[in-house]
Amino acid sequence: MPGARWSTAAVRSAPLIALLVFCGCTADIFTPPPKVEEPFDPGPPPPDPCLGTEDELLPPAPVPMRRLNRAHVEETVRSVLGVTVALPVTDERLFTYRSNVSASVDSQTVQAYFDWAEAVVAQLPLAQCTAAASCQTWLFDEVAPLFFRRPLEGEQRARYVALFQKGVMQGATPREGAQWVLEAMLQSPSFLYLDEPTTAGGWLDGYGVASRLSLMMWGKNPDAALLAKAAAGELATTEQVAGVVREMLKDPKSRQGLDAFVTQWLDLERLHQTNARPDIVALGRELVDAMAAEPVDLFRLAAISNQGLGDLFSTRRTQAAPALVRYYGAEALSTVDGVTSLDPARRFGLLTSAGVMAALAHAEEASPTLRGYAVLSNVMCKPPPPPPAGVSVTLPPAMPGATTRERLELHFSDATCASCHRAMDGMGFTFEHYDALGKWRDLEHGKPIVDSATFKLGTTEYTVDGAGELSTLLAARPEVSECFVRQWTRYATGIPEQAPVACYMKRLAREVSTPSGLEHVIVELASSDYVRKGNEP
């Protein structure tokens, strides 16, 4: 790799044992024979535990009954009813992803759902409910399947019809009945939780598959067209599901689902922490939204245009909104058909986009520690351990004219701090040309930026000059590919990756950096037995 240097320890053979062999009837009877150097034999390599597992059947992902996260609920209601009301509940976190697989619901949360449902219904004009018959058709044949992810039938339908009729009697209009029904649906466990019945062999039925695919790819419940595919039996085989997922990925709605993944993967939610980042707020909503959107659009473009994971770390092309193109200034070299070419000496793919760099900073101050931690934890899945008890993590006070790097390097003088900070801050130093708002800079406090760094990955020591070389190094590291597959799997299933599918994860990791690798991994996982099977009863 150009510009990167590394050293590895030489293999040392084990010491040899000299054997004394007695020779009969000679004057040299006590003279040992010369030593014979035997070649070092390391023996056969350990067997590959994944060899021959390519055709093994995958177990189902052991997904508990999940409660939809806040974004799933809000986006589904916006799509179905056309209104947006913030849901005031807190989601559980799986690593960096929202996944309510074990969090209990207390009375405060129940009250929050109740108040939210009332607020949603209060905004609805309910123009479909001037007559009882048309109102019921809309509620039970159009709205209910979109909320419950399957047709409303049998006893469940009868209960909602009875509720509608009571509401009509109470308010003397179909509109009152519709309000009662909608408030009940929005608080129903059938809406808020994924109930995933299985068929013979443990397979999810078509509606269960459609639900998992839609929450994964679109970040919301299935639409009517996807539910129709489920009803027609068009989500029953690996080939059918793979074809549908390719269509879903190319659908503009996929941006919503991919936004949820990329935003949580790269900590872009920090861009909207208004109390902590007044410097970002001062940029204005239009620019901040564009900064948050750019990494998502880079990822989606790579996934639908035959690119692999490595391309994300090297691309100099972006679909940035005009406000962000203006922010890049002279770094934006040209724009053709909405695609802008960026200065190849200053921008090096996903990690150096303005939004990622701004998110991984403090107010008015770049943070090599935050940036290095994000690379180790989110890109390599090797988070540093927490600091030992009693160790202060507060930076030394700012010295007049001192750069951020000079302050952080004081950590290296303490062996306890240096054990983690050399790798973490070392990686972060390669991004020093980007200030707290993601803008390129050549100086800090009048001093030239130094963005070279030396750090260890495993037992190998690397020296890299800047973010470009770091991005190239990361693109070639197998643990980065493995980490990405693990991150996507966590997001897609809502649970940690499981040991029984470790070999499958490794195979996907080998494939994700090949041409079309991103699309391949997304489609492959979604159509696998791991996703299409439910928990065994």
Side-chain angles (χ1 to χ4, degrees), residues 49-50 61-62 92-99 101 216 258 260-270 295 299 302-303 308-313 349-351 356 359-360 368-387 419-428 430-431 453 455-462 464 467 470-514 517-518 520-522 524-525 528 530-531:
C50 294
E92 181 184 14
R93 290 280 179 165
L94 167 71
F95 302 104
T96 188
Y97 304 104
R98 304 185 198 99
S99 179
V101 294
M216 179 194 311
L258 297 183
F261 168 67
V262 175
T263 296
Q264 294 170 77
W265 176 38
L266 298 177
D267 288 337
L268 294 175
E269 291 165 312
R270 293 173 58 90
F299 183 86
L309 181 64
D311 296 302
L312 281 176
F313 296 103
L350 185 71
L351 294 181
V356 172
L360 301 174
T369 302
L370 279 177
R371 291 167 178 177
Y373 183 88
V375 172
L376 287 170
S377 180
N378 299 352
V379 178
M380 302 189 73
C381 294
K382 296 181 181 297
S419 61
C420 289
H421 277 272
R422 282 195 183 278
M424 182 165 53
D425 293 351
M427 284 190 172
T430 67
F431 299 106
F455 50 83
K456 278 188 175 181
L457 294 180
T459 59
T460 304
E461 188 171 84
Y462 291 85
V464 298
L470 178 65
S471 295
T472 302
L473 174 63
L474 292 174
R477 297 289 297 186
E479 61 262 55
V480 172
S481 297
E482 292 175 12
C483 181
F484 172 79
V485 171
R486 291 165 66 184
Q487 298 283 33
W488 178 256
T489 301
R490 293 166 179 174
Y491 164 77
T493 63
I495 58 171
E497 66 282 1
Q498 302 296 305
V501 293
C503 292
Y504 177 65
M505 297 286 107
K506 285 184 175 294
R507 176 167 69 80
L508 292 183
R510 291 194 298 270
E511 295 166 352
V512 74
S513 291
T514 61
L518 285 170
H520 172 77
V521 166
I522 292 171
E524 168 76 20
L525 182 70
S528 69
Y530 192 61
V531 169

Inset, instruction - Mind checking the CG-CZ spacing from Leu350 to Phe313? Nearest 0.5 Å is all I need. - result: 6.5 Å

Inset, instruction - Report yes or no: is the cationic atom of Arg490 (NZ for Lys, CZ for Arg) closer than 6.0 Å to the six-membered ring centre of Phe95, at no more than 45° off its axis? - result: yes

Inset, instruction - Quick one: closest heavy-atom pair of Leu525 and Tyr530, and the distance? - result: CD1-CD2, 4.2 Å

Inset, instruction - Just say parallel, tilted or perpendicular for the rings of Trp488 and Phe484, cut-offs at 30° and 60°. - result: parallel

Inset, instruction - Kindly give the heavy-atom pair with the smallest separation between Ser513 and Gly310, and that separation in Å. - result: OG-N, 4.1 Å

Legend entry - Within-4.5 Å side-chain heavy-atom neighbours: Pro496 and Leu94: yes

Legend entry - CG on Leu474 to CE on Met427, rounded to 0.5 Å: 6.0 Å

Legend entry - Donor-acceptor contact present, side-chain Gln264 to main-chain Val262, <3.5 Å: no

Inset, instruction - Indicate yes or no for a side-chain donor-acceptor contact from Glu92 to the backbone of Val101 under 3.5 Å, with no hydrogens or angles considered. - result: yes

Inset, instruction - Kindly indicate, with the supporting measurements, whether the criterion side-chain contact (heavy atoms from CB on, under 4.5 Å) is fulfilled by Gln487 and Cys381. - result: CA-CA 8 Å; Gln487 298 283 33; Cys381 294; 4.1 Å; yes

Inset, instruction - Verify, without hydrogens or angle tests, whether Ser377 (side chain) and Pro383 (backbone) share a donor-acceptor contact under 3.5 angstrom. - result: no

Inset, instruction - Spell out, as yes or no, whether a donor-acceptor pair under 3.5 Å connects the side chain of Arg371 to the backbone of Gly428. - result: no

Legend entry - Residue pair Leu370 / Asp267, side-chain heavy-atom distance below 4.5 Å: no

Legend entry - Check: Thr489 main-chain N/O paired with Thr493 side-chain donor or acceptor under 3.5 Å: yes

Inset, instruction - Measure the acute angle between the ring planes of Phe299 and Phe261, then classify it against the limits of 30° and 60° as parallel, tilted or perpendicular. - result: tilted

Legend entry - Least distance between heavy atoms, Ala359 atom then Arg270 atom: O-NE, 2.6 Å

Inset, instruction - Work out which heavy atom in Leu309 is nearest to a heavy atom in Ser481; give both atom names and the distance. - result: CD2-CA, 3.8 Å

Legend entry - Backbone N/O of Leu266 and side chain of Asn378: donor-acceptor pair under 3.5 Å: no

Inset, instruction - Determine the minimum heavy-atom distance between Leu473 and Arg477, stating which atoms define it. - result: O-CG, 3.0 Å

Inset, instruction - Rounded to the nearest 0.5 Å, what's the gap from CG on Leu518 to CG on Asp311? Could you check? - result: 7.5 Å

Legend entry - Tyr504 side chain to Glu524 side chain, donor-acceptor N/O pair below 3.5 angstrom: yes

Legend entry - Main-chain N/O of Ala260 paired with Thr263 side-chain donor or acceptor, under 3.5 Å: no

Legend entry - Nearest non-hydrogen partners of Phe455 and Gly426, listed with the distance: CD2-C, 4.0 Å

Legend entry - Euclidean distance, Arg510 CZ relative to Glu482 CD, rounded to 0.5 Å: 9.0 Å

